[in-house]
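Convention: sequence-line order gives letters A, B, ...; per-chain numbering from 1.
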Amino acid sequence: MIELALISGFAAASVRVATPLLLAAIGETITEKSGVLNLGIEGAMLAGALAAAVGAISLGPLGGVAFAVAAGMATSAIFAAVAVGARADQIITGTAVTLGMTGLTGLGARLAFGDAGAGLTIPTLPVLPIPGLAAIPVIGPAFFSQSVMSYVAFAAIAWATWLLFRTRWGLEVRAAGESAAAARAMGVPVTRRRVVATVIGGAFAGLAGATLVLSQVGTFTEKMTAGRGFIAIAIVVLGRWHPIGAGLAALLFGAATALQYTFQASGSAVPYQLFQALPYLLALAVLAVAVGREKGPAGLAK
Amino acid sequence: MLTLSHISKSFGATLALDDVSFDAAAGEVHALLGENGAGKSTLVAIAAGRMPADRGESRVVSRERTPYSPDTSDDSRPTTRLSLVAQHFTSIPAFTVAENIALAAGWQESGKALGVRARETIARIGLPLDAEAVVETLSVQLRQRLEIVKAMASDPQILLLDEPTAVLAPREVTELLAMVRAFAARGGAVVFISHKLPEVFAVADRVTVLRQGRVTLTGRVAEQTPRSLALAMIGEAPAQPERVAVTPGGTRVHADGLLLRPERGGTPVGPITMECMAGEIVGIAAIEGNGQRELLRAMAGLPEITRVDGTLRVSGAVGFVPEDRTTEGIIPEFSLTENFVLGRVRERWMDWGLLAADCDLALAEYDVRGGNAASAASALSGGNQQKLIFARVLSRQPDVLVAEDPTRGLDLHAAAAIHARLRSAAANGAAVIVHSSDLDEILDLADRVLVMANGKLVTVPAGASRDVVGDAMLGLPTP
Amino acid sequence: GSETSAPPAAFRVALVTPGSIADAAWNAGAYSGLQQVRDSLGATVSHIEARTPADQEEALRSYAAEGYTIVFGHGYEFQQPAERAAAEFPKTIFVITSGQEVVGNVVPLIFRIHEATYLAGMVAGALTKTGKIGFVGGMELPPIVLGYEGWLQGARATRPDIESRVTYLGNFDDAAAGKEAALAMIRLGVDQLHHNADAAAIGLFGAAKEQANVYVYGANADQSALAPGHVVGSAVLELPRALLLIAREVQENRFTPRVESFGLESGVIAFVANPELQNRWPTGLAERVQAARDSIITGTLIVAGTKTP
Amino acid sequence: MRLAPPSSNSRWRDVGVTAGAFGLGLLFLALFLLVAGFDVPLALGALWRGAFGSWYALTSATLVRATPLILLGLAFTLGSRGGALNIGMEGQFALGAMAAAWMGTHTGALPGVVALPMVLGAGMAAGALWMAVPVLLRLRFGVTEVISTLLLNFVAEAAVSYAVTGPLQEPSGIYPQSASLTMAARLPKLLPMSRLHLGLLIAFAVAVVMAVVLKRSRWGFELRAVGAGPRVAEVSGRIRAGRLLAVALLISGALAGLGGAVEVSGVSYALYLNLSPGFGFTAIAVALLGRLRPGGVVVAGLLFGALEAGAGGMQRDAAIPAVAVQVVQAVVILTMVVAANSGQRTANGND
Ligand SMILES: Nc1ncnc2c1ncn2[C@@H]1O[C@H](COP(=O)(O)OP(=O)(O)OP(=O)(O)O)[C@@H](O)[C@H]1O
Ligand SMILES: Nc1ncnc2c1ncn2[C@@H]1O[C@H](COP(=O)(O)OP(=O)(O)OP(=O)(O)O)[C@@H](O)[C@H]1O
Ligand SMILES: [Mg+2]
Ligand SMILES: [Mg+2]
């Protein structure tokens, strides 16, 4: 029984850790499908996190979510203006946007909450067990007893798959990502599609930031995304540029991370740094074995 | 239906079109001829609204006489539909045929519904294609066919075809020309661009010739001769150098029971048994995807081709001219010198001054025009890029020269220059193996013709007729 | 002997922190100390954040070159850069918090935080139902390890068979990671949690808030408000007081280079119990803690880490 | 993903574009500070003083910071010219630093002429070895180096953390850092009263060598060909692109490792947890703004060194918080990249 409780707890932790990564990775999948590599999603996540905290304090948790989406979109719009509009190098632009947002959110947090930080007084999103399903052993706690943001993330997998592969808009976005010239020749407004895909990616990054604040930590702290945006980019590759793949890769990463906390806390002779490196080593192994020569959109970052 | 009046267009210093007027009427096929760079593609791009003209007016008039300006907004979308098959493919290689058609035709369907509509449309147009096939797995012919299907899918009334036959086999050309005639017969207007005069005579009602951006001739095809068109295009017909009879020397290439693993997997190519002597031009006639690529690349020693079985002996230095100059032959942003020395330098350090001087000499010798040793290769026209590749390969005096489709997309002049180079290479003692998608070129050029079909060499009797060779290429039994 | 020159016309004090001053703990405390130095002593102050050894040494040198009277290097890692810089700038006093030794004008401030965490550990050992306690550290830095060792020794003092778990996050920013680390411990039966992970530790408090019967012990500041009903007490480090003390001595020209070590006796280090939860303490615990505190202050009980410098 | 390699004959225009972009960046910076409510003249003055205001600022702040940026920028440049993106310089830097710290504490009584090459060599070897993993993954499994090198950064961070609390920890076993390098294993100072060390000249030397190799050697030419047209290089140039690129990437890793070794041997004298403030990422911007030319990388590296030194000055003398400084740097980089890009495009005359 104790074993089962441990496994259930571990499974729930895996999904919880995976949720922000998954949201960001789905957004980035849409962005990359349009041919844009946005390293600025780390910054968009941070902006979303701060906006979620500010919004939740004044308007409640749902207000926080709305603020976060808007902040993520605004951050990505800056990126899109520079990297897509002015066609500046995407890698530098993304790095700079993340750097700038790290600073801006730091400044903003001090303005909003003072030097002491926000505390844990922000209204948060509760865990919403789904009646019936939540009672299933292991699966229930993992997938049906999570915060609403996890359900949003699951739904986003289906929605993004539909959007990319079942709509005209998705077809045009994917064409823009494969070959801007060919897409243009076939009448696709490439720049517009890329900008919108990037801004949608930003909205998801904002949601990811909101998840950290509103359904995990309950407050904003500087740099609290701690590199999750970059992990999300790796997850997009691991997921072979498909929302379902991103879902699996995010779960893998979430499980590896949850595992590392469990291992560390279990106390062993193995240096804990090995556990810290575990998710990344696992990702490399999966890349080698399962992804390999899979290439992304042919026009990515061009 | 389509009227272009007094169009001028320049790119920087180049005047691509100079006061050109052109029209195509319903029910008519109007051929557009001209040398490389004459302005044909520019003209149809302007007609299709892909590019603005500097001066002049482009009008598409339907039978209801609705005025059309290419860049009008959606609400004044013309009731007359116009489709362009551009010279360079505009399909997305990673997409399926159906997705490409949907993209070009503006369809909203996806999934099963898309597959159904695509299959119906393909059937209606009458150019068979597998709707679910991913484009990058298709042969060049099928990709060209897809371009045409894409254009036809939106049920156009005006069809602009920019060199649609450049990569097709004779039988496919015939099919396409028949489709074009049928389209015109249904009341459509066609603009047809080609470098191949017989096609023009076979399909067109009227012909317009451009030369350096100006119209030098417009008239009924029936009133023209190949010579009159050539004169209008280039001022004079290119001189065909005399065939010098060469006595073949020793064996340079020897293949026996050769089995090769294809680049994309599948059943091995072969077994192939053949040889080629010094001083001889062996022509390989084949349709794209029948194993000639593997054979030629194996002879050229490219590492991606692996031998499964049999022997292949190639003696001496090999020169190789790849079929696609833009992806395998030339680095556009590199200078002519840098492109010229690719694969030539053996010294550890480069003396660029000396190399540039070598390059300049070779540019003169091989008549490469449009730039000097320091200019970027992207500044050269396709024909001149091809000449540069020949300069690189031949100035090393290879013992064996392997050339894949060396005149694809080139005009008469440029093609004649390349032919002369191939002949003189043979005359200088090289064993020359050349493949072409243009059967006439092979028949004209080669001392010996070998046909490849389904990965095997098919022997055709010496002096076989064009039709016999063409059928062999399609894998049909030879008499 | 005192080599310090007469107080210069402008009394200027600088602080170099190894991380953001919005970390609600280590760096925030020092920054607040700097502000108090400005407000109480009328000093001209300046602050810079320097994360790498290269930047840290340069920051120390730049302040010294500009003639600052005191430069606080906030962390053990400033000791060696300060020693290198001090040789060239003898007029500036380099104060290294958690430093090691006096070298010329480089003086360390040593915080015996483990004396406070010992007391926290005692309470945890007495309160745990499961016999399992946990500690989450940002990185494996000396003051953090020392704090952990005090905590463990204290817990052993009240419950010898205690089972203890440690997790290092690898950073001080990732509050979500702090929460997951805490939850993983809770799943393994831990019901008393302590930390030294600055902002990342906020996640611990969040985790405790969601679980009945899980209690947290704050670090560096009185963190009782972070999870009402779940914070038993805090091992407090009054950095402002320490900074102010040194700065005042220098201003009043009575500073002598020495190893200044702050323990429970100084008031800079303290264990502050949360009165709201004190009703849960078993009878006699408060007295035992008080007695241990007294013994530590009088020196009859010495709390030392395995790696105490 | 391939970066556009520079076209030839545009060096002076590039310099102009970069300089203009930098100026424009400063203009935007002033605007931002104004909007954020800071004292603009004071801040800009502090920026200038922090970077160039004194001999000390120039040599000890600007040039010391520029050194690793130049070395890592060159590392990125080499890979990029061959068409491979080394996003893992942060990790190679860390491994180089680790190896240098190990070697530099084990050279015993060896004199500097022997010890220094051993220290720097160890750093290069470690950087190359760390890069060997992505190279193998790419050659053997086709894994793109962009992601593998990125992931390895996190692993390297854990490795350093292990080293400084385990095998490389200083003898007392208390501090998470290595022992200090022997005096002989430290890079000599170039000037008295300054932290400027021989590493800057090493970086310059690497730039010169790289410029010559790229331009004049067959290997450099082949590498550029692989970067500009991998298929052309293989088919028409008979170049074994995979092998050539593997070598280039290993050298790139070695240079990033050298950056780490130089930082340990010239500045920190020991291995620490936070040795790099993100040099590996800033250097990408340095390399790209230097238009992937060794000379350009040197200039861009110096500009970025000055920007970071000046940022310190703004915190110190104008009380601009570190978070605002990050915004400032982002604004400058974004302006530069937009300006450099549009400058490049107008010069090329298309769109
Ligand atoms: N995007 C472009 N930018 C600048 N110049 C261009 C561009 N595209 C084409 N050109 C110019 O077009 C000329 C050649 O174009 P193209 O490759 O179509 O040759 P062509 O006219 O078809 O002749 P050829 O038969 O020899 O292929 C070159 O001189 C080149 O400078
Ligand atoms: N995008 C461009 N930029 C600059 N010059 C161009 C561009 N496109 C075409 N040109 C120039 O315009 C002229 C006409 O080119 P165009 O492509 O229309 O020739 P074409 O008749 O179609 O040749 P081909 O038979 O080779 O297809 C060429 O000389 C070419 O140099
Ligand atoms: Mg054309
Ligand atoms: Mg052409």
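For the side chain to side chain contact (heavy atoms under 4.5 Å, CB included) test with C/His74, the passing option among C/Leu34, C/Ile21, C/Leu239 is C/Leu239; the others fail. Each of C/His194, C/His114, C/His195 was checked for a ring-ring contact (aromatic ring centres under 6.0 Å, His included) with C/Trp151, and the lone residue meeting it is C/His194.
Atom OG of C/Ser32 is separated from atom CG of C/Asn27 by 12.0 Å, given to the nearest 0.5 angstrom.
Among A/Gln273, A/Arg228, A/Met224, the residue making the largest number of heavy-atom pairs under 4.5 Å with chain C is A/Arg228. The candidate with the highest count of non-hydrogen atom pairs below 4.5 Å against chain C, out of A/Ala258, A/Pro20, A/Ala265, is A/Ala265. When each of C/Leu169, C/Val190, C/Asn171 is checked for heavy-atom pairs under 4.5 Å with chain A, C/Leu169 comes out on top. Heavy-atom pairs under 4.5 Å with chain A peak, among C/Ala207, C/Ala177, C/Gly170, at C/Ala177.
Heavy-atom neighbours of chain A within the stretch residues 160-168 of chain C, taken at a separation under 4.5 angstrom, comprise C/Arg165, C/Val166, C/Thr167, C/Tyr168.
Residues C/Ser20 and A/Arg110 have side chains that bring a donor and an acceptor to within less than 3.5 angstrom of each other. Between the side chains of C/Gln223 and C/Ser234, no donor-acceptor pair of N or O atoms lies under 3.5 Å. No side-chain donor-acceptor contact under 3.5 Å links C/Thr128 and C/Gln192. Side chains of A/Ser150 and A/Thr19: a donor-acceptor N/O pair is present below 3.5 angstrom, by distance only.
For residues 46-66 of chain A, the set of pairs meeting the salt bridge (charged side-chain N to carboxylate O under 4.0 Å, His left out) definition, not counting sequence neighbours, is empty.
A salt bridge is absent between C/Glu77 and C/Arg51; no separation between the charged side-chain nitrogens and carboxylate oxygens falls under 4.0 Å.
Looking at A/Thr262, both its backbone and its side chain come within 4.5 Å of chain C, counting heavy atoms on both sides. In this structure, chain C has heavy atoms under 4.5 Å from both the backbone and the side chain of A/Glu222.
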